[in-house]
Amino acid sequence: MLLSSLLALPAAVLAQTYTEHLHLSPLAHTSHLLAAFNFTSTTPLPAYESGHFTHFPRSLAQILQHTRTRELHLRFAWGRWDDEQWGPRPRDGRREGGTGVEIWAWLDSDDGGGVEERWSGLVNGLSGLFCASLNFIDSTRTTRPVLSFDPEGTHGDDNDVRGLELLHGTLPHEVVCTENLTPFLKLLPCKGKAGTMSIDVRPICPGGSGGGGECVLEIQQTVDVVLDVERSMRARGDPIPRPRPIEELECDQMKQYNGGDTCYPKVKEGEMGWSLSRIFGTPVRGNCHLADGHADADITLEVPSDRIVNVTNAQPLDLGSDHGVRSYRLPNHPPGQYTDLALPQQQLTARPITNAQPPLYATRTITGSGQQHGGMHARLRNPHPYPQVITYFESLPWFLRPYIHTLRVRDSETHEDVKLEKMFYTPAKDRERGTHLELMFTVPAKGEVELSYDFEKAVLRYTEYPPDANRGFDVAPAVIRVLPRTNDTSAARNEPASPWAEDRKQGSYIRTTSLLLPLPTPDFSMPYNVIILTSTVIALGFGSIFNLLTRRFVWAEEVPVGKLALRVKGLVGVVQGVVGRLKGTKAVGLGGGNGGGVGGGKG
Amino acid sequence: MASDPAQATGDFLPSEDREPVNAVGAAKVIQSPPPEQPKSIWTRRYIIFSFWAIVVCFGLPLWIRTTTVYRADLPLRVMQQWADGLTCQFEVPLHVVVEAPGVSPTVAERLAQTLEEYYNEQNLFPIHGLRVTLSDPPQYDDGSQTPGSDRTGLAGASSNTVLTVRLKPSESESTALSRLDPYEAVLDVYYSPQHLETTRTTEPHTRWPFADVIVGEIQKVFAEEQAALAHLFINSGSPVKIDHLDELLYPQRKEKLARRATRSFKYAPVYHLTFSLFTPAATPSAWEIKAALDEYLEPLLRSFTTISNFTIDTQIQLFASFSPSIHGPLYDAESHLWTLQKTDLSGFINAAEWPLSPSIGEGPTINFILYVPGERATPLVIAETGGTSWLIPQWGGVQILNLERESGDRSMLTEADLKQVVFTFADQLTSLLGLPTSPASHALRISSLTRSHTISLILSASSTLGSLARLTQKLPQISIPDTVAKSVDMTIHHLESACNSLKAGEFSRALEHARTAEAEAEKAFFEPSMVGQVYFPDEHKVAVYLPLLGPVAVPLIMAVIKEVRAWRAARRKGG
C-alpha cells in the first residue's frame, strides 16, 4: 500500500524552514513495516506572492499562483489499509486519499464564474507536473463538499473562507506508480540525493499558531508506504522471484511427512530482522539540514523498548517521552560514510498488546444484479464505547443515478432509522456534473449503522465508453470524517509521541475502497453494422420497388432464354460429355440439360 | 435481360440452331410474348427518368451537402497579396526635431530644410526618410532636464520624434562637435557662429559644411538600424527590393547581425524572467535577490515597457549536481583554479534534474542561472578564457559566482554580492532581447528595436497569411471554421493599421497593431479543428456509404443501359 499526499497551505509559522522526517513502525501481527516519510518546507508568504520562491518548488508555485489557489491537497493512493490488522491509519487518515487520485483545493472565488476555469487550469497544470491523468477531472468528477473538509491553513484574519471556494475531484481509475513519485522528489529542496532517504518526499506543517510571526506558505509532502519486509529484502541482484533452493528452506522437522523432498514451512517466530539498507536498497547517505537552526529528529523508530537496534552513524536523541519511540538525528556525513539502522531477528518475551483501534470500521459494496438497477450498501461499525459524530461524503459519477427516496440509514441491530443531523445533496446532471451526497449522523457506541440506497445505471453514448468498457467503471470511495469529540479525549488516545499529533481538530478520516460498477456495454462494431444493415435493407426495398416498376411481366413460357443461359448450358453439356467419355461408359449426356431451363427465370 | 421481344427472338432462334445440344430447351414450346404497347414503354422510360431525376437533383446534392466539410470564405487574393508584399509599401519616416534656441528662426528654418535635403539625397536606404522640423521654444525648457532622470522613454507613444538635434553654442572655433546623449534620443551639436554664417553665401550649389557634419552624424545613428532592416528583409524572403545592399550589409556587419539574430528570442509581448540560484552544497540558502533586482534591473525593464512586459520569479536550488555528461570541473594545480572546459559549457545545465521548466502563461521564459560552486571547488572558471559567465542563445544566461570569503558566512548572498551579478544578467538580457549595440544612446536603441520588431512582425504575419492561403487551396478537404475567417479578417485589419501607423511615424502604435496581427494570424493558422478532417478523407466517406450507394446505383444504371440498347435496337429495326 502506498499513500502519498501533497498539500500547500498558508500558516503562520517561522519563515523559510525545511524539515524532513522518517517514521518507521513495524505493524503488529504481520511482517509489514510502515515507513512514513514527511518533508515540510515553508516560505514567507509576501516573498511567494512576489515571485521569489526560494525553496518552494517553482513549478508548483506558478501553477498555484496562476490559478489563484490558496490551499491545495493532492493525494495519490494505491492499495488498501487493512485496519482490522494494522489498527488506526497513519496521521489519522488526514494525509490519505481514496484509491487513485484525489484532489481538493480552495480557490479564490471573488470573480464569480472563473472558478471552474481556473480549477481546470489547476488540474491540467498538476497533471503535467505529476505525469498523472489529473486532466480528466472535469466538471462531472468535481463536487463541492460542505461538511467533509475544513481548510487547514490560515485564511484572512479569522479564518474566513467566504471568499474561497472548495472544489473536490477524484479519479479512482488512476494507477499510481513510481512515475508519479519522481516529480514528487523534484519538488524537494534537496532532491533525492540527500536527506532522510533517497526515495520520497513529503512536507508537513507544524501547526499554525495564529498571530505569531509573519505568514508563510507551507508545503508538506508525505509518503506513507507499507512494505512487506520479506519481499522488500529479497535479493536486489535477482529481482525475478524464484523458488528457493531446498537447502535454504526452513522446514518443520516435527511433521511426520517431512522428508528429503517434502517440506512444511516453519512458522516464523519472533520479530523479523530488517535494516534500512536492505529494505530500501541503500543506506542513508546524507542529510538535508538547512541552516535554519532546527534540531528535530530525522528518523523515529517505533518498536518495543527491549528490541535491539544497531545504529550506524546516528545520534540518538533523548526526547524524554517514552512509548517505545526512539529518535535519531543524522550527522553531517563525510563522503563515503552512511547511516543505517539494523534490527536483528529477535524473540521478544512479552509481545506488546496493541489495543489501538481505528475510530471506525467502514465497508461499502454494490448490491443487486442486472444491467439496469443496483444498490449501494455501506456498513459503519463503531468499536468504541462512545458515540461518534461522522460525516459521510460520496461523489458519484453521473451515470450512477441514486434514488434518494430509497436512502435508509438504519441501526443494524434495532433496525431503527438513525436521525440525519445534516444532509447535502446535489443531484447529477447528465454529462455535466456528478452526484454529491453528504450526510452527518451519529454512530452509536459499540454499534453499527447501515446505509443503503438504490440506483439506476445510465446507458452511455458510444464515444463515452473507455477502451476497456467491460472492466466496469470505477466509483470513487466514500470519505468518512469522524468529527473530534467535543470533550477532550486526546489524552485517552494514548499516542502523544506520534509526529502528526497536531491538527487533531480536523478529526480523522477513513476512506472506503473504490467500487467497480458494471454498466451495460454495447458491441463496439455497432455503427458499422448499423450502416451495413440499414443500407442493405434500403437497397433491398429500393431494388424490389424499382424492378416492380420497370419490369415487364410475361408468362413463364414466354420468357426468352438469355444468351448467357444458353452458353452456360452449352458449356455444361460439353463438360458432361468429356466426363462421360472419360468414364468410358456409354452413358452419355444423360440429364445434361435438366439444369438449364431455369435460366430464363432471372430475366 | 432481353425484355424486348423482337431482340430476344432475333437472338434466340439462330442460337438454338447453332446449339443443337440444348435438347430440353428445344423440347419446350417457346412462345414469344406479345409485342409491348408503346404506352407502357414510355411509362417505363418515365419511371426510370424520374428515379434518375430524383437521385441527381435531390439525393446526390443532399448526400454531398450533409457529408461535406464546412469551409468559411477566406479573402484568398488579399492574403496572397500580403504575402507577396504588394499591399504594404514599407516606409519609415524618421522625425527629427532641431532645437536651436540661440539661432534666428530663419537660419534654423533653412538649416532644417538643408538637413532633410542632404540626408535624403545621400540616403542609401529608401525605406528610411528623414523629416526635419523645428521645435517650438517651450520644448527646449522641457528638454533641458538632466539626462538620466525618469524621462528615459523619450521616443515613447506621446511623441513621434525619433531624434532631437540640439544646437549649442560653443567657444571652439574650428570644427563642429557633436555628442550623443547616452540615455535620451538627443544629439547635442556644438557650433560656433561661423558655422552658421556659411549659410550667407547664397550660391545654390555650394554645400553647407555644418549641415553635412550633422547629416553625417545622423547617418551614423541610423546606419545599424538600416542594416538590420535590410538583413531582416533578406532573411524573411520578403520581396522588398533593397538597393545598395552591399554597402549596407558589408560582411562583418552581416555576420554581427546574423549572430544577434541567432542569439535573440523571437519577439513576444511578455517574457518571463526566472532567476535561479544553484549550489551543490547546502549554502547559500538565501539571497537578497528582490532588492538587487529592484535596484539594478528594474530601470532597464522599465525602458522596455513600450515593447514588452516582464514577469520575474526566483528560486533557490540546493544540492544541485552537474549532469553526468560533462567532465566536471578539473583542478588546475598551477593557477589553483577549478576549470570548466569550453566543451562542457553546453552541458552545464542539468536539464534532467534542475527544475527550469517554462513558466505558465503566454510568452517565452528566459532563464538566468547563478551557480555558486561548493567551498571545495572554489574558484571555478572557464578554462580557456578565465571568465565566469556565458550566454546560451535563445535560452538565457549562466554565471558562476565564486565566493571569496574564507571563513565568512556563506549562507546569505547580500545585495552587494549580487550587484555585479545582476549587471551581467542585464547585459545578457539585452542581447537576448536583440537590442542593437549601437548607437550609443539607449533610447535610440529601444526605438530602433521597436521599428525592427514592428517590421518583422508585419512580415511574419503576412507570410503566415500566405501560408494559410496556400494551405486552403492545396487541401480542399480540410474544414475552415468561422473563427479562422474572423481571425484572418482581424489580421488583415491590424496589418493595414500597422502599416499606416508606420507610415505616419507612430511606431509604438504600429507595434501594437503588428503584435495583434501576428497573434491573430498564428491563431488562424494553428486552429486545431482544421487538422482533424485530414484524417477523414473523401475515400473514407465513400467507403462508409458504399453499402447503400452500390446496390442502389447498380439497378439504376443497368435499367438505363438496357433501355438505351432496346431503343437502339428498335431504331435499327425501324430504320
**OP:** Give me the contact list for residues 532-539 of chain A versus chain B, heavy atoms only, anything under 4.5 Å, ordered by residue number.
**Re:** A/I532, A/S535, A/I538, A/A539

Subject >> Interatomic distance, B/F51 atom CZ to B/I54 atom CD1 [nearest 0.5 angstrom] >> reply: 7.0 Å

Original post:
When you check the side-chain N and O atoms of A/S127 and A/N124, is any donor under 3.5 Å from an acceptor?
Top reply: no

Original post:
Is it true that the side chains of B/Q315 and B/S276 contain a donor and an acceptor less than 3.5 Å apart?
Top reply: yes

Original post:
Do A/W119 and A/V123 come within less than 4.5 Å of each other through their side chains, counting heavy atoms only?
Top reply: yes

Original post:
Heavy atoms, side chains only, cut-off 4.5 Å: are B/F275 and B/L418 in contact?
Top reply: no

Subject >> Contact origin within A/L129 toward chain B - heavy atom pairs under 4.5 Å >> reply: neither

**OP:** Would you mind checking which part of A/H52 comes under 4.5 Å of any heavy atom in chain B, side chain (CB onward), backbone (N, CA, C, O), both or neither?
**Re:** both

Original post:
When B/H272 is tested against each of B/I312, B/T311, B/I360 for side-chain contact (heavy atoms from CB on, under 4.5 Å), which residue passes?
Top reply: B/T311

**OP:** Sort out for me which of A/I63, A/L540, A/N547 touches chain B most, counting heavy-atom pairs under 4.5 Å.
**Re:** A/I63

Subject >> Test item: A/R118 side-chain N/O and A/T69 main-chain N/O as donor-acceptor pair under 3.5 Å >> reply: no

Subject >> Main-chain N/O of B/S321 paired with B/W354 side-chain donor or acceptor, under 3.5 Å >> reply: yes

Original post:
Most heavy-atom pairs under 4.5 angstrom with chain A, which of B/I41, B/T274, B/T43?
Top reply: B/T274

Original post:
Tell me, side chain or backbone of B/S40 under 4.5 Å from chain A's heavy atoms, or both, or neither?
Top reply: neither

